[in-house]
Amino acid sequence: LVGGRKLDEELFEEIEDVLIQGDLGINTVLELMEFVRKEVKAKGINNSDEVLSLIKQKIEDILKENCEPLKLISGQLNVIMVVGVNGVGKTTSIAKLANKFKKDGKRVLLGAADTFRAAAIEQLEEWAGRLGIEVIKQQEGSDPAAVAFDALKAAQSRKADVLIIDTAGRLQTKKNLMEEIKKIKRVISREMSGAPHEVLLVLDATTGQNAISQAKLFNEALELTGIILTKLDGTAKGGIIVPIVNELGIPVKFIGVGEGIEDLYEFDPAKFSEALFD
Amino acid sequence: NLSEKIQQVFKKLKGKGKLTEKDIEAALREIRLALLEADVNYKVVKEFISKIKNKAMGHEVLESLTPAQQVIKIVNDELTELMGGSQSKIELADSPPTVIMLVGLQGSGKTTTAGKLALHMKKSGYRPILVAADVYRPAAVKQLHVVGEKSGVPVFDMGTEVSPVEIAQKGIKHAKASGFDIVLIDTAGRLHIDKELMDELVRIKDAVLPNEILLVVDAMTGQDAVNVAEAFYRELNITGVILSKLDGDARGGAALSVKAVTGCPIKYVGVGEKLDALEPFHPERMASRILG
Ligand SMILES: Nc1nc2c(ncn2[C@@H]2O[C@H](COP(=O)(O)OP(=O)(O)OP(=O)(O)O)[C@@H](O)[C@H]2O)c(=O)[nH]1
Ligand SMILES: Nc1nc2c(ncn2[C@@H]2O[C@H](COP(=O)(O)OP(=O)(O)OP(=O)(O)O)[C@@H](O)[C@H]2O)c(=O)[nH]1
Ligand SMILES: [Mg+2]
Ligand SMILES: [Mg+2]
């Protein structure tokens, strides 16, 4: 899609294709194209550069409408719960977050509340070991809510600044697993008023339209405070967050761009919108 | 659903008597929408629509008393044919062991699927062994050991300080010496655009000459599925695909995208986290799932 082209139906189709490729979803794409066509008519736009910057700005505006960075409350414990479907990057993202907070001088504690998946606790422990951070855990197969409770008590007694709770991957359509995650949140909120202060949904940038169902159902169950969008270092654009931010109002707080501990950045709507057209 | 939408499209036009090509175009638009919503890649959708257009414009549809049903049948049949048709069993070696390599993006389900395949092979009377060739992901080797324990299948590993190529080679050697007839190599997740890591897979392949290289693809993958499948196919000449996490409600259009772009059969589907959650792929079921 290069600039300096004449404004014709072929250009509009190409823009549409780029947005579909980016996983924005056909409904969102049709709405955006409708907006662009209206603006082009109303403002008498006649060059492709202006059309491109128009649509990039519109997407950026949608994302800016619900955009806020993660802010820790100073002088108290902040409890962060990390949730999402299987394999999206929860555990790795927790390690990255812990690293960020630790570098900011915060005292961080981790809760290994994935008591189900093979070697999930060991995986978190290995990351924690590299960072010099403590992990509160119980045996594999124990009640995840009990681990979350233990972790919270430990964080309070150790006067930690941040407690990040890792949970097992779960498909949003599995009612019993969604009940389990609601219970984990209940146990945390009963033990500390205001907690959890953040409930972050991790979404994989390679995921298609199902991400909307993930965001909807996890939000209904837990009232999400933010999204971490991982694996943006691949070729997938993660455009599905556009309808998610637009319709559910959940802000994207971080993006994951690799498997290393430093590969986590604060979400930037302008950069994201621009990257959709790369 | 799509069937109802096409019924609606034709109902609006019923009063005008016989269906015309324009009416079929309207139905094709609904089909395109349904496939895109199901995450089928937009290029694959374009090709598919042009493929069925002629049949849909035929007089069997135009003169049918139930044209909507005719159109749906054409779409369903074409989808089923596109996704099925080829060998969906594991290709066994002429002389044991059969070597199977699992590859794919990060988090797609390779390690779990390796365990599922191991259990399946064991139940089918074979003597499988798992090889831990992921030396990068924290506790990956431990994860495969736990999976091996649960499936009652031994695991060969050489820790994380040895190259995956050497682990694979030594794993095969050990399997041959100890009478194992199936070797399942679990590899680290990687990006198809990571040249170094894709080369590593090529080196493992050249070193152990697998009978099967199976690409594990997450059923909820979106438009990117074609990029991934195309790259893995080009670099490794994959022999089959396993679609994981089909127990969710993702429509699974990635299945069509991957099949269209590689021609490789989808051999199995993962339908849960437990090690017995592996089923053969049913193209007609996948077709109706994609169409919603
Ligand atoms: N390329 C890339 N890989 C990532 C990123 N984030 C996580 N991964 C990889 O994705 C895979 C899965 O990560 P995990 O952290 O285990 O994911 P999870 O959500 O905790 O998985 P479950 O607990 O099994 O549900 C690992 O191989 C990670 O290294 C990212 O931003 N980019
Ligand atoms: N619901 C469901 N979960 C699955 C299925 N297959 C795998 N999983 C889960 O998906 C997550 C990732 O699985 P892994 O086997 O660790 O994936 P991987 O491809 O080996 O990951 P990397 O080695 O990091 O690339 C785990 O939580 C698994 O339990 C499936 O068919 N259904
Ligand atoms: Mg995890
Ligand atoms: Mg693995």
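The figures here come from the full heavy-atom set of this structure, side chains too, leaving out hydrogens, waters and symmetry mates. Labels below follow one simple rule: chain letters A, B, ... track the order of the sequence lines, proteins then strands, and each chain is numbered from 1.
- Summarising the local packing, CD of B:Glu25 is surrounded by more than 12 heavy atoms from other residues, nucleotides or ligands at distances under 6.0 Å.
- Here the closest heavy-atom approach between residue A:Ala118 and residue B:Val146 is recorded as CB-CG1, 3.5 Å.
- Ranked by non-hydrogen atom pairs under 4.5 Å with chain B, the options A:Thr92, A:Leu30, A:Leu124, A:Thr207 are led by A:Thr207.
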Could you walk me through whether B:Gln143 and A:Arg117 pass the side-chain contact (heavy atoms from CB on, under 4.5 Å) check?
CA-CA 9 Å; B:Gln143 184 185 2; A:Arg117 206 211 67 212; 3.7 Å; yes

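- Using a 4.5 Å cut-off between heavy atoms, B:Leu144 makes no contact with chain A at all.
- Taking B:Lys150, B:His145, B:Lys245 one by one and counting their heavy-atom pairs under 4.5 Å with chain A, the maximum is reached by B:Lys245.
- Heavy atoms of B:Asn41 lying under 4.5 Å from chain A are absent altogether.
- A salt bridge between A:Glu13 and B:Lys46 is absent, with no side-chain N of the basic residue lying under 4.0 Å from a carboxylate O of the acidic one.
- If you measure heavy-atom distances from A:Thr235 to chain B, the contacts under 4.5 Å come from both the backbone and the side chain.
- Atom CG of A:Leu171 is separated from atom CG of B:Asp247 by 5.0 Å, given to the nearest 0.5 angstrom.
- Judged by distance alone, the side chain of A:Glu126 and the main-chain N or O of B:Ala139 form a donor-acceptor pair under 3.5 Å.
- Only the side chain of A:Lys174 comes within less than 4.5 Å of a heavy atom in chain B; its backbone stays farther off.
- For the atom pair A:Asn86 CG and B:Met220 CE, the distance stands at 6.5 Å (nearest 0.5 Å).
- With a threshold of 4.5 angstrom between heavy atoms, A:Asn27 approaches chain B through side-chain atoms but not through N, CA, C or O.
- The CD atom of A:Glu259 lies 9.0 Å from the CZ atom of B:Arg137; values are rounded to the nearest 0.5 Å.
- Side-chain atoms of A:Lys231 come within 3.5 Å of backbone N or O of B:Gln106 as a donor-acceptor pair.
- Contacts of A:Ile26 with chain B are made by side-chain atoms alone, with heavy-atom separations under 4.5 Å and no backbone atom involved.
- Annotation: A:Glu9, atom CD; neighbour count of heavy atoms from other residues, nucleotides and ligands within 6.0 Å is above 12.
- The local environment of NZ in A:Lys56 is crowded, with over 12 non-hydrogen atoms from other residues, nucleotides or ligands closer than 6.0 Å.
- Annotation: the span from B:Asp218 atom CG to A:Asp204 atom CG amounts to 7.0 Å, rounded to 0.5 Å.
- Proximity to chain A (any heavy atom under 4.5 Å) is shown, for B:Asp249, by both the backbone and the side chain.
- Contacts between A:Val85 and chain B at a heavy-atom distance below 4.5 Å involve the side chain alone, from C-beta outward.
- The nearest pair of heavy atoms linking B:Asp224 to A:Asp23 is N-OD2, 4.4 Å.
- A:Ser213 touches chain B through its side chain: at least one heavy atom from C-beta onward sits under 4.5 Å away, while N, CA, C and O do not.
- Most heavy-atom pairs under 4.5 Å with chain A: of the set B:Pro138, B:Gly222, B:Gly107, this distinction falls to B:Pro138.
- The structure places CG of A:Leu24 at 10.5 Å from CD of B:Gln223, a figure rounded to the nearest 0.5 Å.
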Kindly determine whether B:Arg32 and A:Glu16 satisfy salt bridge (charged side-chain N to carboxylate O under 4.0 Å, His left out), including the steps that lead there.
CA-CA 14 Å; B:Arg32 174 175 177 261; A:Glu16 207 180 280; 3.5 Å; yes

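- B:Lys142 is not listed as a side-chain neighbour of A:Gln123, based on a closest heavy-atom distance of 4.5 Å or more.
- Counting heavy atoms of neighbouring residues, nucleotides and ligands inside a 6.0 Å radius, atom NZ of A:Lys96 exceeds 12 of them.
- Atoms OG1 and CG, on A:Thr206 and B:Leu191 in that order, are 10.0 Å from each other to the nearest 0.5 Å.
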